[in-house]
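A short write-up of the structure that comes next.
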Number of protein chains: 2
Amino acid sequence: MRKSKKERQQLLMSTIQDNPFVTDEELAEKFQVSVQTIRLDRLELSIPELRERIKSVAEKRFDDEVKSLPIEEVIGEIIDIELDQNAISIFDVKEEHVFKRNQIARGHHVFAQANSLAVAVINDELALTAKANIQFIRSVKLHERVIAKAKVEKIDEAKGRTFVQVRSFVNNELVFTGDFEMYRSNNQ
Amino acid sequence: MRKSKKERQQLLMSTIQDNPFVTDEELAEKFQVSVQTIRLDRLELSIPELRERIKSVAEKRFDDEVKSLPIEEVIGEIIDIELDQNAISIFDVKEEHVFKRNQIARGHHVFAQANSLAVAVINDELALTAKANIQFIRSVKLHERVIAKAKVEKIDEAKGRTFVQVRSFVNNELVFTGDFEMYRSNNQ
DNA sequence: ACTACTCTTAGTACCTAGTCATAAGAACTC
DNA sequence: GAGTTCTTATGACTAGGTACTAAGAGTAGT
């Protein structure tokens, strides 16, 4: 037997939701009603026509592409630096940095902030990370501001190594520490 | 003066490439030719009509979504996984991952691949990194393909910790190792 | 100068997947 | 049986095309 109007419209919504590429004709066939009925339904439910639906899917994809490019680029903003001594950077945790399920920042973003600060503090053309010993003390959540402080512990000119300690805080609470052993580029 | 046919078709290609949402009429206006000429050009260049272009953009987005839902949270692409045992992912180093000056991959990308593989291999709602001991053995360069292999070393049910070792290779050469101590979410 | 050829433009018929408006029949509810 | 809602049909119109035919403009070869 054919469904009631309400039932049909409910199903119509979810059908289009998970397949926006379906035409009115296909829907009419599916629900055993006329094409006109489907169109009335869409009108009542404010569901745009096939072509508009496809277009908006395509546009969203375009937006996403523009958005996801610069994410990897910036790993915190350096607000203070004294080369070969210390440096401070801030990093605001946004939607794109957290696990969706629990809003906890993914470890590699917190690491990336610390690591790139360790690279920046070194007064050299370019430093590379050789080793790191890191510890995540407590998880960082969405919208928290992480302040990373790097301190150069020791410079071994002979071996071309520099040891940097980075501590990251949220509201003065320690959330991460890392001891980095860095190559100096002249030794690379 | 108006461009030659070849020039116009070259430009037409790139114009549509970076904005598939442009109509023949807009193109005709842009190149100061008739709509029919644009259509002949598209025919010669095998460029589909606006609606087909939009549709294919939308479809690609859909494909991506299906593909990227389970993997999205992982840096690099997982190609093999046995939960609580081992996993393998590949990560191609592109322009956006390297220092411009020397084409060497930034450490945090290599770390991110290893770290997220360590998260993925754990058979649990969600794992978090507690500690990590990492070593960059040799630098990874632009266009190299990093293959990370994660191995679960020990599961401490009582403490809710899992120990994972990750080794990353480029052409069978070890470039990175990391020992990760992971929280299990039930203990979080 | 005439022919041959490419390039461009115009026009017609047709298509899909719709919109909007009007009308009328069918099915329920009071 | 009347009133209301729901469904279907019909006609006119739209965007953004395809496919095809036809004709004029410009250039090159002989």
Side-chain angles (χ1 to χ4, degrees), chain A residues 1-70, chain B residues 1-69 72:
Chain A
M1 187 212 153
R2 270 163 62 175
K3 274 128 183 155
S4 74
K5 191 184 175 182
K6 256 190 189 167
E7 251 184 296
R8 189 187 59 235
Q9 292 196 345
Q10 279 289 326
L11 266 168
L12 190 79
M13 289 237 281
S14 60
T15 303
I16 292 177
Q17 188 96 36
D18 59 56
N19 176 204
F21 300 87
V22 67
T23 64
D24 286 357
E25 213 169 288
E26 288 164 348
L27 291 164
E29 180 69 20
K30 173 168 181 167
F31 294 111
Q32 286 296 303
V33 291
S34 72
V35 174
Q36 284 74 8
T37 301
I38 296 294
R39 287 177 181 164
L40 270 173
D41 285 348
R42 278 200 300 98
L43 199 73
E44 284 178 34
L45 298 167
S46 310
I47 297 171
E49 62 166 289
L50 172 67
R51 283 157 176 169
E52 290 304 313
R53 294 195 303 263
I54 290 180
K55 202 174 161 187
S56 81
V57 170
E59 277 165 349
K60 261 182 216 143
R61 181 179 137 90
F62 248 61
D63 291 352
D64 285 359
E65 264 175 22
V66 186
K67 233 189 255 158
S68 64
L69 262 175
Chain B
M1 191 212 152
R2 274 162 60 176
K3 274 129 183 152
S4 75
K5 191 182 174 183
K6 258 190 186 166
E7 252 185 296
R8 189 187 59 235
Q9 293 195 345
Q10 278 290 326
L11 265 167
L12 191 78
M13 288 238 279
S14 60
T15 303
I16 292 176
Q17 188 97 35
D18 59 56
N19 176 205
F21 299 88
V22 67
T23 62
D24 286 358
E25 213 170 289
E26 288 163 347
L27 290 165
E29 179 70 21
K30 174 168 176 164
F31 295 109
Q32 286 295 304
V33 291
S34 71
V35 173
Q36 283 76 5
T37 301
I38 296 294
R39 286 178 182 162
L40 270 172
D41 285 348
R42 277 200 301 97
L43 198 74
E44 285 179 31
L45 298 167
S46 310
I47 297 171
E49 63 166 287
L50 172 68
R51 283 156 177 165
E52 290 306 313
R53 293 194 306 261
I54 290 179
K55 202 172 162 190
S56 82
V57 170
E59 275 164 350
K60 261 182 217 145
R61 181 180 136 88
F62 247 60
D63 291 352
D64 285 358
E65 260 173 26
V66 185
K67 239 185 256 161
S68 66
L69 260 176
E72 191 184 39

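Model, not experiment: these values are computed from the prediction. In what follows, every chain begins at residue 1, and chains take the letters A, B, ... in the order their sequences are listed.
Between Thr37(A) and dT8(D) there is a side-chain N or O to OP1 or OP2 distance below 4.0 Å.
Rounding to whole angstrom units, CD of residue Gln9(A) and C1' of dT7(D) are separated by 12 Å. The interatomic distance linking Phe31(B) (CZ) with dC7(C) (P) rounds to 17 Å, in whole Å. Counting to the nearest Å, the P atom of dT9(C) and the CD1 atom of Ile38(B) are 9 Å from each other. Atom P of nucleotide dG26(D) and atom NZ of Lys5(B) are separated by 17 Å, given to the nearest angstrom. One can place CD of Glu44(A) at 16 Å from C1' of dT19(C), the figure rounded to the nearest angstrom. Look at CG on Leu27(A): it is 12 Å from C1' on dA17(C), rounded to the nearest Å. One can place CG of Leu40(A) at 14 Å from P of dG18(C), the figure rounded to the nearest angstrom.
Interatomic distance, Arg39(B) CZ to Leu43(B) CG, rounded to the nearest 0.5 Å: 11.5 Å. To the nearest 0.5 Å, atoms CD1 (Ile38(B)) and CD (Gln9(B)) are separated by 9.5 Å.
Contact annotation: the side chain of Asp41(A) never approaches that of Phe31(A) to less than 4.5 Å [non-hydrogen atoms, C-beta and beyond]. Between Leu11(B) and Lys30(B), the closest side-chain pair of non-hydrogen atoms is not below 4.5 Å.
In the set dT7(D), dT8(D), dT8(C), dT7(D) carries the atom at the smallest distance from any side-chain atom of Arg8(A).
Scanning both residues, Ile54(B) and Ala58(A), for their nearest heavy atoms gives O-CB, 3.6 Å. Heavy atoms only, all atoms of each residue included: Ile16(B) and Arg42(B) are closest at CD1-CD, 4.3 Å.
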Below 3.5 Å between N/O atoms, which protein atoms pair up with nucleotides 18-21 of chain D? Just atom names and distances, please.
residue, atom, partner, partner atom, Å
dT18(D), OP1, Arg42(B), NH1, 3.2
dT18(D), OP1, Arg42(B), NH2, 3.4
dT18(D), OP2, Arg42(B), NH2, 3.0

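More than 12 heavy-atom neighbours from other residues, nucleotides or ligands sit within 6.0 angstrom of CD on Glu44(A).
For residues 50-57 of chain A, proximity to DNA chain C is found at Leu50(A), Arg51(A), defined as any non-hydrogen atom under 4.0 angstrom from a strand atom.
Judged by distance alone, with hydrogens and angles left aside, the side-chain atoms of Arg53(B) form a donor-acceptor pair with the main-chain N or O of Pro48(B) at under 3.5 Å.
Applying the side-chain contact (heavy atoms from CB on, under 4.5 Å) criterion to Glu26(A), with sequence neighbours excluded, gives Val22(A), Thr23(A).
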